[in-house]
Amino acid sequence: MTPDDEVRFRSVLDDVAAYKPGKPPERTDGRPTYKLSSNENPYPPLPGVLAAATEAAGNMNRYPDMGALDLLEALSERFDVPVDHLALGTGSVAVLYHLLQAACAEGDEVVYAWRSFEAYPIAVQLTGATSVQVPLTEDARHDFKAMEAALTDRTRVVLVCTPNNPTGPVVRRDELLAFLDVVPRNVLVVVDEAYREFIREPEAIDGTEIYRDRPNVVVLRTFSKAYGLAGFRVGYAIGHPPVIVAIRKCALPFGVSEVAQAAAIASLQAEDELLARVDDLVTERTRVLGELRGAGWDVPETHANFVWMPLGEDTVAFAEAVQAEGVSVRPFPGDGARVTIGEPEANNLFLEVACAWHQGRNPE
């Protein structure tokens, strides 16, 4: 077969890296293993949520409600926003893809902090736009002065991840509002709040508050993390009607299944119980962060359900060391490793390995 006979694809795909999911741990000696690589909620579904999903599965021979009206109405009531300010997708990352498809074309630019969510450069490249990555500060936070300087007349979208994945710090209300005041009104600012429910910082921004009088701001949230529906893929956007209409135009028909819609509605109804579980995870997060710092690790503040280990060139070796003991973490070679806050047994095993590792590298 000659090159002329080969099926052709867009040249942009030559430079697109595949998304790398967190890997499960591997052991053969029968001891327990723990997956701390995907920021999953370690708790099983609540009985009421499982029952709602099971009942909805009885209709699997039918298409789901494409408009997902019941779920949209539940979200509308929960956040006190009109239904036409809401759009759904198979996870907030899918909503982001639809949004970038709607807003960007070849030659446009998307500005965001780096390192941040791994899907950002992939999603941007697939639109034909160019990523403008602005380095984080030394304490792993967004550098809004540098992001402001990165804006050009080709900027179409700015992505703000708070808490930042994978490093953990949250964006404060004052700093984002100051940044928004200098962003041109025709530039869309996406506030990605996938981990919003884990925040305990009173000065943190709340996207559902600031979007209301800023038509160029759209908020992304998900049921995958705090609500424990990672396997069902339900995310949503909150924004003004022109933005929401654009997202819906790019969305796949019948994307969010009937089972996922039912589980999401039941999760909103059981929110108090679910958020009590989040409180438990936050308590564990505080413990893990404290023990790491007590052992000498320089770990940034986190308001998500994970901690960031700034390991640099030692990242892969560290990930292999904890993997050997039955814990998988998410390495970003050359930068660091992200470690999900899991059940106490998982956290204890991780801490044991991490503290021993640090002691081995820094003997007294």
Side-chain angles (χ1 to χ4, degrees), residues 41 45-99 102 188 190-197 199 206-278:
N41 190 316
L46 290 173
V49 176
L50 182 60
T54 301
E55 181 179 354
N59 297 320
M60 67 175 67
N61 57 308
R62 303 293 184 185
Y63 285 111
D65 173 15
M66 184 171 163
L69 184 59
D70 289 344
L71 177 53
L72 290 178
E73 288 180 343
L75 288 167
S76 172
E77 181 178 354
R78 169 64 179 81
F79 293 105
D80 189 26
V81 300
V83 168
D84 64 354
H85 285 217
L86 293 159
L88 296 173
T90 53
S92 57
V93 67
V95 182
L96 174 65
Y97 271 58
H98 304 327
L99 190 56
L188 191 64
V190 181
V191 182
D192 187 348
E193 296 184 317
Y195 301 91
R196 170 69 200 179
E197 295 81 4
I199 295 175
D206 182 345
T208 64
E209 170 200 346
I210 64 163
Y211 102 92
R212 296 176 190 271
D213 60 355
R214 294 178 184 267
N216 67 325
V217 172
V218 58
V219 181
L220 301 184
R221 293 197 179 178
T222 184
F223 284 92
S224 294
K225 309 303 181 184
Y227 294 91
L229 301 184
F232 279 166
R233 313 305 299 128
V234 191
Y236 54 98
I238 304 175
H240 288 265
V243 178
I244 297 304
V245 168
I247 293 172
R248 291 181 178 180
K249 285 183 177 180
C250 294
L252 295 174
F254 306 107
V256 181
S257 74
E258 194 77 19
V259 177
Q261 291 180 39
I265 293 169
S267 294
L268 290 172
Q269 294 169 345
E271 190 172 55
D272 289 345
E273 190 171 356
L274 283 168
L275 294 184
R277 291 177 164 187
V278 171

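It should be emphasised that the depicted structure is a prediction, and the values quoted were computed from it without experimental measurement. Only this structure's heavy atoms are used, side chains among them; waters, hydrogens and symmetry mates stay out. By convention here, the first residue in the shown sequence is residue 1.
In plain terms, the two heavy atoms of Ala56 and Val259 that are nearest each other are CB-CA, 3.9 Å. Across all their heavy atoms, Leu88 and Ala68 have their closest contact at CD1-CB, 3.3 Å. Residues Asn41 and Gly228 approach most closely at CB-CA, 3.9 Å, considering heavy atoms. Nearest heavy atom pair, residue Val190 against residue Leu96, reads CG1-CD1, 4.5 Å. Closest heavy-atom contact between Ala74 and Leu268: CB-CD1, 3.8 Å. Residues Val234 and Ala264 approach most closely at CG1-CB, 4.3 Å, considering heavy atoms.
For Phe254, the CZ atom sits in a packed shell: over 12 heavy atoms of surrounding residues, nucleotides or ligands are nearer than 6.0 Å. Within a 6.0 Å sphere centred on CE of Met66, other residues, nucleotides and ligands contribute more than 12 heavy atoms.
Annotation: the span from Ile238 atom CD1 to Phe79 atom CZ amounts to 5.0 Å, rounded to 0.5 Å. Here OH of Tyr97 is found 13.0 Å from CG of Leu99. Values are rounded to the nearest 0.5 Å. Here the CD atom belonging to Glu273 is positioned 6.5 Å from the CZ atom belonging to Arg277, to the nearest 0.5 angstrom. Distance check, rounded to the nearest 0.5 Å: CD of Glu197 to CG of Leu275 gives 6.5 Å. To the nearest 0.5 angstrom, His240 atom NE2 is 11.0 Å from Leu188 atom CG. How far CG of Leu71 is from CD of Glu258: 10.5 Å, rounded to the nearest 0.5 Å.
Contact of the Leu229 side chain with the Ser267 side chain is registered, since non-hydrogen atoms from C-beta on lie closer than 4.5 Å. Residues Leu86 and Ile244 have side chains not in contact (no heavy-atom distance under 4.5 Å, counting atoms from C-beta outward). Contact of the Tyr211 side chain with the Val218 side chain is not registered, since no non-hydrogen atoms from C-beta on lie closer than 4.5 Å.
In this structure, the side chain of Arg212 engages the main chain of Thr208 through a donor-acceptor pair within 3.5 Å. Listed for the Ser76 side chain is no donor-acceptor partner under 3.5 Å among the backbone atoms of Leu72. Put simply, the side chain of Gln261 gets close to the backbone of Asp65: a donor and an acceptor are under 3.5 Å apart. A donor-acceptor contact shorter than 3.5 Å is absent between the side chain of Arg233 and the backbone of Phe223.
With 3.5 Å as the limit, one finds a donor-acceptor pair spanning the side chains of Tyr227 and Glu271.
With sequence neighbours left out, the side chain to side chain donor-acceptor pair (under 3.5 Å) criterion links Tyr195 to Asn39.
Residues Arg221 and Asp206 are paired through a salt bridge, judged by an N-O separation under 4.0 Å between the basic side chain and the carboxylate.
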Taking it one step at a time, do Leu220 and Val191 satisfy side chain to side chain contact (heavy atoms under 4.5 Å, CB included)?
CA-CA 6 Å; Leu220 301 184; Val191 182; over 6 Å; no
